[in-house]
Protein chains: 2
Amino acid sequence: MTHDVVYRADCPSRTILDQIADKWSMLVLAVLSEPRRFNEIKRRLEGITQRVLTQTLRRLERNGMITRRVLPGRPLGVEYSLTPLGRSLQGPFGELYNWTVENMDVIQSFQRAYDHRGEQST
Amino acid sequence: MTHDVVYRADCPSRTILDQIADKWSMLVLAVLSEPRRFNEIKRRLEGITQRVLTQTLRRLERNGMITRRVLPGRPLGVEYSLTPLGRSLQGPFGELYNWTVENMDVIQSFQRAYDHRGEQST
DNA sequence: CCGTATCCCAGGCGATACTG
DNA sequence: CAGTATCGCCTGGGATACGG
């Protein structure tokens, strides 16, 4: 039987999932399909704050998925780009992203149906 | 040029990503590869609380990915199972999960290297 | 057994100001 | 330009108790 699989808290894959399965990491990696500077990334991710973008970039860097390169000259410039490891995540993430795009209409109609229950009173 | 793609806050795919790109949804769907009861799921996801599991299940149900079925008889029993939509997510999620398993060693060594910088003092 | 309701706290995040 | 620092809110989630 394979029936007694348990996802333990200290399972490394769970630890790593916690790092990348958030709303921003995926989008940052998508934006970094080509190397970009800090504010370029920020501009493309509507709603992200400077603070959170910095945190996300640091985490991705720590996990070996992107590199940070300070550009010579003034004013200061920093360029972020994918490592091979980060690029290898584009496959899985792309699949997931495509899935959401393909299914968002269906999902939204499910949501409407669900929200409709319990309140067609009077 | 495809260079000016911007991920807008009201993009449906972003809204949906916010729903499924969290640390528990993926694992719940994995556990539901076959229909299971509430406490079965809970037991297999070490560390999840009743409250959070309930919330996760409700959200997945609202999004049309799982169904909730009350079993006849007492004591009360409830069985959760994947819908076709939920099952179609297993592909993308499986890819992502496999990726983390395949790469967790590399990532952990990156993390150690990163954490090592800046503190080999004295 | 499968929830909901309540209380309560830590910490995540936005806003803002400041630096190399 | 690309951050770090500080502050204050506010909500997510743990713990617990209770209900169908």
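Reminder, nothing fancy here: chain letters follow the sequence lines and each chain counts from 1. Small disclaimer: the values here were computed from a predicted structure and weren't measured.
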Interatomic distance, [X] [atom1] vs [N] [atom2] [rounded to whole Å]:
X        : N       : atom1 : atom2 : value
Lys42(B) : dG3(C)  : NZ    : C1'   : 12 Å
Leu76(B) : dC2(C)  : CG    : C1'   : 6 Å
Lys23(A) : dG12(C) : NZ    : P     : 15 Å
Ile41(B) : dC1(C)  : CD1   : P     : 14 Å
Arg51(A) : dC18(C) : CZ    : P     : 18 Å
Gln50(A) : dT16(C) : CD    : P     : 13 Å
Leu53(B) : dT4(C)  : CG    : C1'   : 14 Å

Any side-chain heavy atom of [X] sitting closer than 4.5 Å to one from [Y]?
X         : Y        : answer
Gln50(A)  : Lys42(A) : yes
Asp115(A) : Arg62(B) : yes
Lys23(A)  : Leu17(B) : no
Ser25(A)  : Thr56(A) : yes
Thr54(A)  : Phe38(A) : yes
Val5(A)   : Val31(B) : no
Leu89(A)  : Leu96(B) : yes

Check: Sequence neighbours excluded, which residues qualify as side chain to side chain contact (heavy atoms under 4.5 Å, CB included) partners of Ser33(A)?
Finding: Gln90(A)

Check: Sequence neighbours excluded, which residues qualify as side chain to side chain contact (heavy atoms under 4.5 Å, CB included) partners of Arg68(A)?
Finding: Arg58(A), Glu61(A), Val70(A), Val78(A), Tyr80(A)

Next item on the list: Return the nearest nucleotide to the side chain of Tyr80(B); candidates are dC13(C), dG3(C), dT6(C).
Entry: dG3(C)

Next item on the list: Could you work out which one of dC13(C), dC2(C), dT4(C) sits closest to the side chain of Thr54(B)?
Entry: dT4(C)

Notebook entry, point to check: With a 3.5 Å cut-off and just heavy-atom distances, do the side chain of Arg58(B) and the base of dT4(C) make a donor-acceptor pair?
Noted result: no

Note to self: On DNA chain C, compare the nucleotides closest to Trp24(A) and Gly77(B); which residue's is nearer the 5' end?
What the structure shows: Gly77(B)

Margin query: Heavy-atom nearest nucleotide on DNA chain C for Ile48(A) versus Arg74(A): which residue maps closer to 5'?
Written below: Ile48(A)

Note to self: Using modelled atom types and a 3.5 Å cut-off, is there a donor and acceptor pairing between side-chain atoms of Asn63(B) and backbone atoms of Met65(B)?
What the structure shows: no

Check: Hey, is the main chain of Ser88(B) close enough, under 3.5 Å, to the side chain of Trp99(A) for a donor-acceptor pair?
Finding: yes

Checklist line | Shortest non-hydrogen contact from Thr100(B) toward Ser13(A) | finding: OG1-CB, 3.6 Å

Next item on the list: Of all the heavy-atom pairs spanning Glu79(B) and Pro35(B), show the shortest one and how long it is.
Entry: CD-CB, 3.7 Å

Check: Between atom CD1 of Ile41(B) and atom CZ of Arg36(B), what is the distance when rounded to the nearest 0.5 Å?
Finding: 8.0 Å

Note to self: Reading DNA chain D from 5' to 3', where do the contacts with chain B start and stop? Cut-off is 4.0 Å to heavy atoms.
What the structure shows: dG13(D) to dG20(D)

Next item on the list: Return the residues of residues 61-72 of chain B meeting this criterion: a heavy atom under 4.0 Å from some atom of DNA chain D. Order them by number, or give none.
Entry: none

Note to self: By nearest heavy atom, map Gly47(B) and Leu57(A) onto DNA chain D; which one lands nearer the 5' end?
What the structure shows: Leu57(A)

Check: Roughly how bent is the helix from dC1(C)-dG20(D) to dG20(C)-dC1(D) end to end, in steps of 10 degrees, with each end axis from five pairs?
Finding: 50°

Next item on the list: Enumerate the residues from residues 7-16 of chain A whose closest heavy atom to DNA chain C is under 4.0 Å, giving them by residue number; use none for an empty result.
Entry: none

